[in-house]
Amino acid sequence: MDNKVKIALVFGTRPEAIKMCPLVRTLKRSSCFEVITIVTAQHREMLDSVLELFEIKPDYDLNLMKPNQNLWDLSCDILQNVKKVLDKENPDLVLVHGDTTTAGMSALSTFYSRIKIGHVEAGLRTFDKDYPFPEEINRVMVDSVSDLMFCPTDKAVENLKNSGIKKGIYKTGNTVIDALLYVVNEKSADIDFIGLNPNLKTILLTSHRRENFGKPLENICNAIKELIEKYKDIQVVYPLHLNPNVRNTVMPILGGVERVKLIDPLDYAPFSTLMKKSHIILTDSGGIQEEAPALGVPVLVLRDETERPEAIKSGSVRLAGTNKDNIIKEVTELLTNKTHYENMSHANNPYGDGRACIYITDIIKKYFNL
Ligand code: UD1
Ligand code: UDP
């Protein structure tokens with residue numbers, strides 16, 4: 001007998017894995033569902049470390065990552081290879097996450113197969129097709145073919161309603177908070193191996209966005225270099241994304257600079273500890289903009305816009321852009337103005353209560369009359 005609803009979750013990059021693994025675990029706990037995990041492996045090492053942390057063994061590993069891959073080949077590979085699994089498994093619902101090529105192409109593949117789609121982290125928008133590129137178009141496309149849209153915030157709900165979508169929109173919070181609480185409470189890790197100086201203030205830097213490659217990333221690195229020269233009580237740690245476009249720009253400017261540590265990407269558990277221990281975070285990452293406010297660490301976003309305005313509104317995140325002088329000005333303000341620092345470092349969390357996976361599971365049960 002099998003009257004269980006069959007749900008396939010598809011993901012492939014580090015942030016999707018961090019935000020989907022808690023949902024895999026929650027769905028698997030329900031006897032109503034048969035759960036299949038499909039990873040595209042758009043990322044390889046950075047995906048595997050998350051799967052290991054959450055103790056998830058995928059049912060299908062498409063193993064698609066190629067060194068320095070391009071959007072065309074990756075898109076075709078995902079579109080075709082996800083179809084093969086869907087043909088074999090014929091799930092009742094496919095869940096995708098966010099705005100990556102994996103999300104966009106898996107949703108399109110599912111739509112062509114006439115299977116229902118649920119979008120986790122739906123409704124984020126900058127309303128500018130070029131920023132972030134190509135993510136803004138991926139998320140618009142995924143929402144337009146979805147039957148269920150799980151929005152992290154009121155703003156995301158509003159974006160979808162304003163775009164004319166009439167049904168299937170739910171506010172659930174972001175599963176990133178579920179993930180963060182899981183690592184902080186159950187998998188906490190120390191970071192002594194990084195070798196940070198406990199007497200210095202730590203500035204954590206991450207930057208990997210396509211639209212920042214080249215000049216913007218050079219500006220960011222040059223800003224760091226000047227700040228390091230000016231303030232002797234700071235150290236910078238930059239876990240470098242494995243994308244070669246990041247390394248090729250960063251290494252020539254920041255390699256060998258005193259009090260700057262360029263390190264490999266960290267596993268999620270030590271990275272969470274590092275975020276918590278940092279004085280300031282500079283990032284163009286989406287996920288970190290959501291996690292750091294919950295940990296009470298001020299964030300300067302290395303972009304001119306964000307699809308995550310909630311934490312800016314509540315005061316813990318500011319847009320610093322990619323202009324060198326502006327980045328220096330924003331960091332200087334945080335280093336020298338105590339009141340400003342305190343105002344930005346009050347923990348607040350506009351992204352959910354850590355139960356997003358439970359809400360999503362309940363909505364799916366209702367959708368299938370379970
Ligand atoms: C992708 C997503 C981006 C997301 C980011 C998270 C798209 C278009 N971009 O960008 O939205 O913010 O992931 O990190 O979907 N690499 C490895 N090992 C890994 C991961 C990456 O070697 O584990 C290298 C490979 O050379 C790979 C390259 O990085 O070809 C780029 O990976 P890709 O997923 O295409 O782009 P990201 O910049 O990671
Ligand atoms: N992260 C990590 N190790 C690192 C850098 C980031 O585990 O060295 C985590 C981070 O906590 C967040 C996620 O990876 O949950 C963000 O991924 P990324 O910045 O690659 O993608 P984005 O969120 O921008 O799509």
Side-chain angles (χ1 to χ4, degrees), residues 13-15 41-50 65-71 74 100 131-133 135 191-197 200-268 270-271 273-275 277-289 292 299-304 320-328 330-332 335:
T13 63
R14 169 175 64 193
Q42 175 177 337
H43 287 171
R44 186 70 277 169
E45 305 89 316
M46 286 159 57
L47 170 75
D48 292 342
S49 76
V50 182
M65 193 194 89
K66 297 195 182 89
N68 207 7
Q69 60 208 357
N70 66 62
L71 293 173
L74 177 65
T100 64
Y131 295 94
F133 171 86
E135 289 84 359
I191 52 166
D192 296 348
F193 65 91
I194 302 175
L196 291 169
N197 181 338
L200 301 176
K201 290 176 184 156
T202 298
I203 296 182
L204 169 59
L205 167 63
T206 83
S207 178
H208 71 277
R209 304 229 77 85
R210 272 181 164 65
E211 63 275 14
N212 275 351
F213 291 162
K215 188 72 186 147
L217 188 51
E218 274 174 41
N219 292 345
I220 294 167
C221 294
N222 284 321
I224 293 296
K225 221 173 160 181
E226 283 193 29
L227 285 160
I228 278 282
E229 276 161 23
K230 190 160 170 207
Y231 297 100
K232 304 293 176 202
D233 62 339
I234 63 168
Q235 60 192 334
V236 172
V237 55
Y238 186 173
L240 289 169
H241 192 289
L242 292 177
N243 192 327
N245 294 297
V246 175
R247 292 170 174 242
N248 294 344
T249 303
V250 174
M251 300 299 279
I253 305 176
L254 289 178
V257 173
E258 197 197 351
R259 286 176 282 118
V260 174
K261 278 193 187 297
L262 303 178
I263 60 175
D264 277 332
L266 289 170
D267 290 347
Y268 186 43
F271 189 77
T273 309
L274 177 59
M275 279 193 288
K277 292 196 167 175
S278 295
H279 188 66
I280 303 170
I281 299 179
L282 268 64
T283 190
D284 63 8
S285 158
I288 296 170
Q289 286 178 62
V299 178
L300 298 175
V301 176
L302 302 167
R303 292 168 53 182
D304 295 320
T322 56
N323 173 289
K324 186 187 80 169
D325 292 337
N326 201 54
I327 296 168
I328 294 174
E330 290 286 342
V331 174
T332 300
L335 289 174

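The structure displayed is predicted, hence computed values, not measured ones.
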>> Do Tyr238 and Ile203 make a side-chain contact, defined as non-hydrogen atoms from C-beta onward lying under 4.5 Å apart?
In response: no
> How long is the gap from CE on Met275 to CG on Leu266, to the nearest 0.5 Å?
Replying inline: 10.0 Å
> NZ of Lys201: more than 12 outside heavy atoms within 6.0 angstrom?
Replying inline: yes
>> Could you check whether any side-chain heavy atom of Leu262 comes within less than 4.5 Å of a side-chain heavy atom of Leu254, counting everything from C-beta outward?
In response: yes
>> Using the rule given for side-chain contact (heavy atoms from CB on, under 4.5 Å), can you reason through Val257 versus Ile228, listing the C-alpha separation, both sets of side-chain angles and the distance that settles it, and then say yes or no?
In response: CA-CA 9 Å; Val257 173; Ile228 278 282; 4.2 Å; yes
>> Counting C-beta onward and ignoring hydrogens, is there a side-chain heavy-atom pair between His241 and Met46 closer than 4.5 Å?
In response: yes
>> Quick test of your reading of the model: are Arg14 and Asp48 salt-bridged, counting only N-O distances below 4.0 Å?
In response: no
> Should Val331 and Ile327 count as side-chain neighbours, where that means a heavy-atom distance under 4.5 Å?
Replying inline: yes
>> Using side-chain heavy atoms (C-beta onward) and a distance below 4.5 Å, is Leu196 in contact with Val237?
In response: yes
>> I'd like to know whether His208 forms a side-chain contact (heavy atoms from CB on, under 4.5 Å) with Asn243, so could you lay out the CA-CA distance, the side-chain angles of the two residues, the decisive distance to 0.1 Å, and finally the verdict.
In response: CA-CA 8 Å; His208 71 277; Asn243 192 327; 5.9 Å; no
>> Just so I know, are the side chains of Pro265 and Phe271 near enough to count as touching, which here means a heavy-atom distance under 4.5 Å?
In response: no
>> Measuring from atom CD of Glu211 to atom CG of Asp284, what distance do you get when rounded to the nearest 0.5 angstrom?
In response: 7.5 Å
> Rounded to the nearest 0.5 Å, how far does CE of Met65 lie from OG1 of Thr13?
Replying inline: 12.5 Å
> Taking atom types as modelled, is there a side-chain donor on Asn323 or Asp325 under 3.5 Å from an acceptor on the other?
Replying inline: no
> How far does CG of Leu200 sit from CD1 of Ile234, to the nearest 0.5 angstrom?
Replying inline: 9.0 Å
>> Do Leu302 and Thr206 have side chains that approach each other closer than 4.5 Å (heavy atoms only, starting at C-beta)?
In response: no
> Which heavy atom of Asn326 sits nearest a heavy atom of Ala320, and at what distance?
Replying inline: ND2-O, 2.9 Å
>> In the structure I gave you, are the side-chain heavy atoms of Asn248 and Phe213 within less than 4.5 Å of one another anywhere?
In response: no
>> Testing the basics here: between Leu47 and Ala41, what is the closest heavy-atom pair and its distance to 0.1 Å?
In response: CD2-CA, 3.7 Å
>> Quick test of your reading: applying side chain to side chain donor-acceptor pair (under 3.5 Å), list the pairs with at least one residue in residues 216-236, sequence neighbours left out, ordered by first then second residue.
In response: Thr202-Gln235, Glu226-Lys324
> Can you name the closest pair of heavy atoms from Gly321 and Asp304 and give their distance?
Replying inline: CA-OD1, 3.4 Å
> In Å, rounded to the nearest 0.5 Å, how long is the span from CD1 of Ile191 to OG of Ser278?
Replying inline: 7.0 Å
>> Quick check: closest heavy atoms across Arg303 and Pro132, and the distance to 0.1 Å?
In response: NH2-CD, 3.6 Å
>> Please determine whether side-chain contact (heavy atoms from CB on, under 4.5 Å) holds for the pair Ile220 and Leu282, giving the CA-CA distance in whole Å, both sets of side-chain angles, and the decisive distance to 0.1 Å.
In response: CA-CA 9 Å; Ile220 294 167; Leu282 268 64; 5.6 Å; no
> Passes side-chain contact (heavy atoms from CB on, under 4.5 Å), Leu240 versus Met251? Steps please.
Replying inline: CA-CA 10 Å; Leu240 289 169; Met251 300 299 279; 3.7 Å; yes
> Between Arg247 and Leu242, what is the shortest heavy-atom contact and its length?
Replying inline: NH2-CD2, 3.5 Å
> Backbone N or O of Val236 within a donor-acceptor pair of the Arg259 side chain at under 3.5 Å?
Replying inline: no
> Atom CG of Leu217 and atom CG of Asn212: how far apart are they, to the nearest 0.5 Å?
Replying inline: 6.5 Å
> Do you know which two heavy atoms are closest between Gly214 and Thr249, and how far apart they sit?
Replying inline: O-CG2, 4.1 Å
>> Looking at Glu135 and Arg210, is any side-chain nitrogen of the basic one under 4.0 Å from a carboxylate oxygen of the acidic one?
In response: no
